[in-house]
Q: 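Below is the structure I would like to discuss, written out as C-alpha cells.
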Number of protein chains: 2
Amino acid sequence: MTMNVRTLCLGILSLREATGYEIRKMVEKGAFSHFIDASYGSIYPALARMLKEGLVRVRTEDDGSGRPPRKVYTITGKGRAELQRALNTDPAPDKFKSEFLFQMLFLERIDPAHLAVIYDAYIEEQEAELHALEEDAGALPEHPGTRFVQDYGRVMLGTAIAFLKERRVEMLEAFAEHGGTGERPIGDGEGCCSGAMGVSGEEEDRA
Amino acid sequence: MTMNVRTLCLGILSLREATGYEIRKMVEKGAFSHFIDASYGSIYPALARMLKEGLVRVRTEDDGSGRPPRKVYTITGKGRAELQRALNTDPAPDKFKSEFLFQMLFLERIDPAHLAVIYDAYIEEQEAELHALEEDAGALPEHPGTRFVQDYGRVMLGTAIAFLKERRVEMLEAFAEHGGTGERPIGDGEGCCSGAMGVSGEEEDRA
DNA sequence: GTGTACATGTAAAGTGTTACATGATTTC
DNA sequence: GAAATCATGTAACACTTTACATGTACAC
C-alpha cells in the first residue's frame, strides 16, 4: 500500500488535526513509534505537497511571539478518500532491520566486554519502549485498532525482553572468559578486539 | 554501526566466499532474511567498490556456457579488519516498518471482506517465514550466533502468530457484520468501503 | 513452448535522513 | 548560563528500489 510519509500524515490527520511538529512527536515516541517512522525532513515537504493537491487544509496560528507560527493541518474530503484508497490495498511485507541481531550473528568478533554493554543496552532499550507503550495506553482513547496495535507491541516487546534475559548468561559467558580459547568456529579471523590490529598493508592474505 | 549493504556483504563473506547472486539469495530467504535486506542494485555496486578498496578479492569462474561468468568474492585481511571495526561500534536502534499494523490502526476504514483477506494473508506470511526459518535451522552449521538469531526469530514469529490467531475473531467480527452500525469512534469518515465513493469535487468539507 | 533459476550489471527514480538556518521561551 | 522544547523549513547527501538489458539451461 506504499505506506510513505504521505499516507502516514493522512492517517494521523484523520484522527485529529495537527501540525508537522506534532506529527513528528507522535511517531517519535508514543504508541505508534515502534512500527512507524518519519523525520521533519520528510513530514514538512509531504504536508506542503498535499496542501497543493488539496488533500489537506491549513490554518495558521500566530501567537505573536516571534517564533514560527503554528500551521495546523486538517484533512479534506479528498484526503480522506485518498487515505481510504491506500488503506484498501494489500500491505507490503513488514520490514525489520536490526543491527543488534546482525552483530549477534558475528558475536565472536566483538570484544567480550563491549558485547556485554551492547547486550544490556539493547535490553534496556526494549524495556524503555515497552514502558513508553504502557504509559501511552492509558492516555489514548479506547478504540479497537489502537488497542490491537498496542497489545501487539506489548506482547512482542515482552517476549523479546524475556528471551534476551533468559539467554543473557549463556550468550555472554561463552565468550567472556576466553577471548578466543579453543575453537573460533567462524572463518579464521585475526584476534577479536582493538579495531586497529591487523590493518598492516593492502593485500596480506593467505588462501 | 551503519549496517549498510557493505557491512552485510563483509559479514557474509567472513563466513564463506560467495557471489553477488548468492548473497542476495541468502538475505532474500533463509535464516537472516527477517532482519536484513538488500537487492542486486545495492549488492553489486557495493562489491565493486569494496574490490577497488581492497576489502575483497574476486575470482572469475567461466564455465564456458555463454552465461555471465560467476564472480566469486573472498574477503581480505583488510576487509576482516573493516568488519571488526564495524562490529565493535554501538548498534543503531532497530527499525521496524509494518504496513499491516498501520492498516490495523485504521481498520474501520477498510472494507470488512478485504480486511479478513489481509489479516489471513498476514498470518500465512508469518507462518511461511517461520517454516523457512525452521527448515534453515537444520541446514546451517552449529554456531552460537546463528543459533541465537534463529531462536530469536522463532520465538518472535511464534508469538506473533499466536497473538494474531487469538485476536482474529474479535478483530474481524467487530466490523464484519455491520459496516458502520452504531458509533464509528474515529473521525467522522464517509462510509468505509468502495474506493470511489465520496470523491465528488475538490473542496467539499464541513468544519 | 513457458516459466524459472542462474548470473551480471546499469541508470533513473524515489524516498528518506542529516545537517543547517532561525529564534523565542522555559526549565535546570 | 546551558540545555531542552517549541516550531518551521531547505538543501545536500545517502541509500535503495525498480526497471531495464542480456542470455543460457533445465524442468514441466
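Chain naming here is simple, since letters A, B, ... match the order of the sequence lines and numbering starts at 1 in each. The shown structure was predicted, so the numbers you read here are calculated from the model rather than taken from an experiment.
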Q: In whole Å, what is the span from the CD1 atom of I36(A) to the C1' atom of dG16(C)?
A: 15 Å
Q: By nearest atom, which of the nucleotides dC6(C), dG9(C), dT16(D) is closest to the K25(B) side chain?
A: dC6(C)
Q: Provide, to the nearest angstrom, the distance between the NZ atom belonging to K97(A) and the P atom belonging to dG16(C).
A: 13 Å
Q: Can you figure out which of dT8(D), dG9(C), dC6(C) approaches the side chain of Y21(B) most closely?
A: dC6(C)
Q: What integer distance in Å separates I23(A):CD1 from dC6(D):P?
A: 15 Å
Q: Of all heavy-atom pairs between L47(B) and G20(B), which one has the smallest distance, and what is that distance?
A: CD1-CA, 3.7 Å
Q: Quick one: which of dC6(D), dA7(C), dG16(C) gets closest to the side chain of R70(B)?
A: dA7(C)
Q: Between K78(B) and E53(B), does at least one N-O distance fall below 4.0 Å, as a salt bridge requires?
A: no
Q: Using salt bridge (charged side-chain N to carboxylate O under 4.0 Å, His left out), reason through K97(A) and E99(A) one step at a time and then give a plain yes or no.
A: CA-CA 7 Å; K97(A) 282 196 181 183; E99(A) 297 199 353; over 6 Å; no
Q: Whole angstrom is fine here: how far is it from CZ in R59(A) over to C1' in dA7(D)?
A: 16 Å
Q: Side chain to side chain donor-acceptor pair (under 3.5 Å): which pairs involve residues 23-40 of chain A, sequence neighbours left out?
A: K25(A)-E28(A)
Q: How far apart are the closest heavy atoms of I75(A) and L13(A), and which atoms are they?
A: CG2-O, 3.6 Å
Q: Could you state the atom-to-atom distance from NZ of K71(B) to P of dT10(C) in whole Å?
A: 8 Å
Q: Looking at five pairs on each end of the helix from dG1(C)-dC28(D) to dC28(C)-dG1(D), what is the angle between the two axes, given to 10 degrees?
A: 50°
Q: Testing the basics here: between R109(B) and N88(A), what is the closest heavy-atom pair and its distance to 0.1 Å?
A: O-ND2, 3.1 Å
Q: Write down the distance between CE (M3(A)) and P (dT17(D)), rounded to a whole number of angstrom.
A: 16 Å
Q: Measure from the side-chain N and O atoms of N4(B) to the backbone N and O of T7(B), and report whether any donor-acceptor pair falls under 3.5 Å.
A: yes
Q: So L164(B) and F100(B), side-chain contact (heavy atoms from CB on, under 4.5 Å) or not? Walk me through it.
A: CA-CA 12 Å; L164(B) 291 165; F100(B) 171 72; 3.9 Å; yes
Q: Could you please name the option among dC15(D), dG16(C), dT17(D) that lies closest to any side-chain atom of N4(B)?
A: dC15(D)
Q: Atom CE of M26(A) and atom P of dT5(D): how far apart are they, to the nearest Å?
A: 18 Å
Q: Where along residues 39-50 of chain A does a heavy atom fall under 4.0 Å from DNA chain D?
A: G41(A), Y44(A)
Q: Starting the side chain at C-beta, find the nucleotide from dT17(C), dG9(C), dT8(D) nearest to D37(A).
A: dT17(C)
Q: Shortest non-hydrogen contact from Y152(A) to F163(B)?
A: N-CZ, 3.5 Å
Q: Rounded to whole angstrom units, what separation is found between the CZ atom of R6(A) and the P atom of dT15(C)?
A: 9 Å
